[in-house]
Amino acid sequence: KADLMKADAALAPMNNWYDHNFVLRGKAGELKQAAEMYDPESGRVLEIWTTEPCMQMYGAQNMTAALKLPAKRAGVKYLPFQGLALETQHAPDSPNHPEFPSTLLRPGEKFTSRTEYRFSAE
């Protein structure tokens with residue numbers, strides 16, 4: 001029960017906003033499911049699969065009338081939290097944590113990463 005309370009606290013908005021990094025289960029470099037979103041009204045499903053070790057979730061709390069987004073100019077009014085960004089990546093501050101998967105890329109080395117967005121409907 002204590003672990004569930006810790007998880008709930010970790011997922012809670014920070015000062016009324018979301019900007020959380022999640023460490024994904026599985027090995028870095030191996031394709032694994034990072035997220036699944038489901039809309040019960042339409043039946044649409046989005047799955048995100050990645051070789052990255054982490055995923056950042058940003059709650060679009062800064063969607064305000066002050067932003068100059070194309071939809072705003074077309075008369076669509078977005079409000080805070082009407083969007084969501086799920087960004088596959090390495091952990092923030094990785095270079096300063098040797099226990100994290102490395103982000104070091106030396107001259108001549110090649111970096112590859114894969115992220116798949118799978119759409120379906122039920």
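Predicted model, so just to flag it, every value in this text is computed and none were measured. Below, each value reflects all heavy atoms present in this structure, side chains not excepted, and no hydrogens, waters or symmetry copies.
Of the possible donor and acceptor atoms, one in the side chain of E52 sits under 3.5 Å from a partner among the backbone N and O of H90. For T51 (side chain) and T115 (main-chain N/O), no donor-acceptor pair under 3.5 Å exists by modelled atom type.
The distance from atom CH2 of W49 to atom CD of E30, rounded to the nearest 0.5 Å, is 12.0 Å. Interatomic distance, M37 CE to L46 CG, rounded to the nearest 0.5 Å: 6.5 Å. Atom CD in E47 sits 13.5 Å away from atom OH in Y117 (nearest 0.5 Å). Considering OG1 of T88 and CE of M55, their distance stands at 8.5 Å, rounded to 0.5 Å.
Closest non-hydrogen pair, P92 versus F100, comes out as O-CE1, 4.0 Å.
Connection of F111 to L31 is not established within any shared hydrophobic cluster, with ILVMFWY side chains joined at heavy-atom distances below 4.5 Å, either directly or through further cluster members. A continuous path of hydrophobic side-chain contacts links L84 to I48 [ILVMFWY only; heavy atoms under 4.5 Å]. When the side chains of ILVMFWY residues are joined at heavy-atom separations under 4.5 Å, either directly or via intervening members, L86 and F119 end up in a single hydrophobic cluster.
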Pair Q89-N21, side-chain contact (heavy atoms from CB on, under 4.5 Å): steps then yes or no:
CA-CA 9 Å; Q89 62 184 37; N21 188 268; 3.0 Å; yes

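A salt bridge between R118 and E116 is present, with a side-chain N of the basic residue lying under 4.0 Å from a carboxylate O of the acidic one.
More than 12 heavy atoms of other shown residues, nucleotides or ligands fall within 6.0 angstrom of atom CD in E99.
Taking the side chain as every heavy atom from C-beta outward, L24 and K32 approach each other to under 4.5 Å.
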